Amino acid sequence: MGERADEWYRNWFDDDYLELYRHRDSAEAREFLDHVRARFDTFGRDGAADLACGAGRHAWVMAAAFGWPVVGVDLSMTLLEHAARTDPAELALNRARTPRFVCGDLRNLPLRSSAFRFAVNLFTSYGYFRAERDNERALREMARVLAPRGVLILDTMNARRAVETLIPEDRRQTGEWDVHQRRAYHSAARRIEKTITLRRADRPERRVTESVRIYTPAELDALLARADLETIDRWGDYHTSPFSERNSPRMITIAERVR
Ligand SMILES: C[S@@+](CC[C@H](N)C(=O)[O-])C[C@H]1O[C@@H](n2cnc3c(N)ncnc32)[C@H](O)[C@@H]1O
């Protein structure tokens with residue numbers, strides 16, 4: 001049976017994805033998380049969840065460098081295997097703790113209710129589902145695993161800037177790959193779609209379309225509120241600069257579980 005195009009996220013996050021995004025590395029994760037730790041160390045120490053952790057670059061920093069008890073959850077077995085095989089010494093991290101990694105879906109997290117005081121969902125890992133009820137369900141799940149007054153950091157694109165600065169097409173060479181990307185904003189569905197065509201001499205051509213729902217700050221606040229999460233702050237980039245809808249590359253929302 002063929003893969004459903006609207007479930008693109010099931011197969012894309014594999015070795016090719018890692019190769020293409022290898023510049024999004026542990027150093028970037030460390031820089032961001034050092035800022036996060038300055039404010040949320042006491043929360044993380046009581047237990048942190050990295051939801052859609054991928055190859056575990058944030059989970060490893062939080063566990064090995066900060067000593068937080070960390071569980072990473074992701075749907076991709078390939079990326080989880082990379083995560084589990086990580087050698088912290090190669091990333092210049094201590095070995096304070098080792099994160100645990102679990103395979104699971106954001107809509108049905110394999111984690112106990114109220115088990116964490118801190119959770120993250122980082123680097124555009126939210127808004128993949130075609131049906132809005134599924135995106136809402138994922139938020140409710142993130143809230144469920146948080147203890148009351150626990151904190152969630154949700155890192156999405158800044159919708160307005162993403163649309164205004166969209167580059168319709170580009171081409172680059174990454175290692176052996178010729179990478180051709182086309183991007184479009186579909187205003188009716190409120191989604192940004194990026195079709196990536198990968199070509200290299202020794203492989204068949206591969207094409208994948210990433211499709212992500214984007215949200216204005218007000219829309220996201222309303223969604224969060226329906227999941228018993230209240231926005232308490234917003235950053236605009238990984239240096240934790242204040243958010244500006246006009247200029248910020250990211251919309252990093254900090255929300256607290258209110259009940
Ligand atoms: C853009 S990557 C980000 C990974 C990681 N947070 C990072 O910063 O490197 C998105 C991740 O979301 C995961 N993912 C996609 N859909 C998921 C789902 N329904 N449940 C759990 N994880 C999912 C993918 O497997 C992938 O690892």
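Throughout, numbering of the chain's residues begins at 1 and tracks the sequence. Computed from a predicted model, the values in this text were never measured in an experiment. All ligand and atom numbering here is 1-based and tracks the order in the structure.
Between the side chains of Arg57 and Thr86, no donor N or O sits under 3.5 Å from an acceptor N or O. Side chains of Arg199 and Thr197: a donor-acceptor N/O pair is absent below 3.5 angstrom, by distance only.
Within the listing of ligand 1, atoms 19 (N) sit less than 4.0 angstrom from a heavy atom of Phe129. Atom numbering of ligand 1 starts at 1 in the shown order; those under 4.0 Å from a heavy atom of Ser76 are 25 (O). In the vicinity of Tyr128, heavy-atom distances shorter than 4.0 Å reach the ligand 1 atoms 1 (C), 10 (C), 15 (C), 16 (N). Near Cys53, meaning under 4.0 Å from any of its heavy atoms, are these atoms of ligand 1: 5 (C).
We find that Asp105 and Arg137 are not joined by a salt bridge, their nearest charged nitrogen and carboxylate oxygen being 4.0 Å or further apart. Residues Arg144 and Glu141 are paired through a salt bridge, judged by an N-O separation under 4.0 Å between the basic side chain and the carboxylate. Between Arg190 and Glu219 there is a salt bridge, with a side-chain nitrogen of the basic residue lying less than 4.0 Å from a carboxylate oxygen of the acidic one.
Residue-environment remark: CZ (Arg100) stays at or below the threshold of 12 foreign heavy atoms within 6.0 Å. No more than 12 heavy atoms of other residues, nucleotides or ligands sit less than 6.0 Å from atom CZ of Arg112. Around CZ of Arg85, the count of heavy atoms belonging to other residues, nucleotides or ligands within 6.0 Å exceeds 12.
Looking only at protein heavy atoms, the nearest one to atom 21 (C) of ligand 1 is Gly104 O, 3.3 Å. For atom 13 (C) of ligand 1, the closest non-hydrogen atom on the protein side is Asp74 OD2, 3.3 Å. The protein atom (non-hydrogen) at minimum distance from atom 24 (C) of ligand 1 is Phe13 CD1, 3.3 Å. Of the protein's non-hydrogen atoms, Arg57 NE, 2.7 Å is the one closest to atom 9 (O) of ligand 1. Scanning the protein heavy atoms around atom 20 (N) of ligand 1, the nearest turns out to be Leu106 N, 2.9 Å. For atom 16 (N) of ligand 1, the closest non-hydrogen atom on the protein side is Tyr9 CD1, 3.5 Å. For atom 6 (N) of ligand 1, the nearest non-hydrogen atom of the protein is Ala52 O, 2.8 Å.
The closest approach between Tyr21 and ligand 1 stays at or above 4.0 Å for every heavy atom of the residue. Contact annotation: Tyr17 has at least one heavy atom less than 4.0 Å from an atom of ligand 1. Gly56 does not count as a contact of ligand 1, since none of its heavy atoms falls under 4.0 Å from the ligand.
Residues Trp8 and Tyr128 bring their aromatic ring centres within 6.0 Å. Between Tyr17 and Tyr21, the ring center distance clears the sub-6.0 Å criterion. Phe32 has its ring centre less than 6.0 Å from the ring centre of Tyr238.
Side-chain atoms of Asp237 do not come within 3.5 Å of backbone N or O of Pro249 as any donor-acceptor pair.
Within the 4.0 Å heavy-atom criterion, both parts of Phe123, backbone and side chain, lie near ligand 1. At a heavy-atom distance under 4.0 Å, only side-chain atoms of Leu79, from C-beta outward, approach ligand 1. Counting heavy atoms under 4.0 Å from ligand 1, residue Arg10 does not touch it at all. Proximity of Arg107 to ligand 1, defined as any heavy-atom pair under 4.0 Å, is not found for any part of the residue.
For atom 3 (C) of ligand 1, the nearest non-hydrogen atom from the set Ala59, Ser125, Gly54, Ala138 comes from Ser125. Nearest residue to atom 17 (C) of ligand 1 from Asp105, Leu109, Thr124, Leu75 is Leu75 (criterion: closest heavy atom).
Residues Leu224 and Phe116 are members of one and the same hydrophobic cluster, defined by side-chain heavy-atom contacts under 4.5 angstrom among Ile, Leu, Val, Met, Phe, Trp and Tyr.
At under 3.5 Å, not a single nitrogen or oxygen of Val73, backbone or side chain, sits near a nitrogen or oxygen of ligand 1.
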